[in-house]
Amino acid sequence: MMKIEQGRTHNGEVVLWDAENHDSAFRRVVGGVSWPKGGRSGFIVVVGEKAEVDFGFGVRHLVRLEELREFNGETFLEPEPMFRAMAYLVNRLMV
């Protein structure tokens, strides 16, 4: 599992990167939530937007950093367990 820390690139840009080897730099790290519906599980996902631009396509790529799936819709829809799950993912990622 990747651990994230804040750092600076060679040109001074503030980035979030892999704390162990600094080879994956992210411009930003964001999360999203999808609630369970129709027998499908819900999930919380954390993605990082790569700091460098893919000049072939003119875009920055997204990388899945962490994901948590929940099959029990009743507990997933309650705010407290959902926020605890989000805090758990963030704590696992941050140094």
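When hydrophobic side chains of Ile, Leu, Val, Met, Phe, Trp and Tyr are connected at separations under 4.5 Å, L62 ends up as a singleton with no cluster partners.
Of all heavy-atom pairs between A25 and E52, the closest is O-OE1, 4.1 Å. Across V47 and R64, no two heavy atoms sit closer than the pair CG1-CA, 4.1 Å. The minimum heavy-atom distance between G58 and V53, with the atom names listed, is C-CG1, 4.0 Å.
Every residue two or more places apart in sequence or in another chain that forms a salt bridge (charged side-chain N to carboxylate O under 4.0 Å, His left out) with R27 is listed here: E49.
A single hydrophobic cluster is seen to contain both F26 and I44, as judged by linkage of ILVMFWY side chains at heavy-atom distances under 4.5 Å, directly or through other members. Hydrophobic clustering, with ILVMFWY side chains joined whenever heavy atoms are under 4.5 angstrom apart, groups V46 together with L16. Criterion: ILVMFWY side-chain heavy atoms under 4.5 Å apart, direct or through other members. Under it, V63 and W17 are not part of a common hydrophobic cluster. Side-chain heavy atoms closer than 4.5 Å link hydrophobic residues (I, L, V, M, F, W, Y) into clusters, and following such links, possibly through other members, connects V30 to F43.
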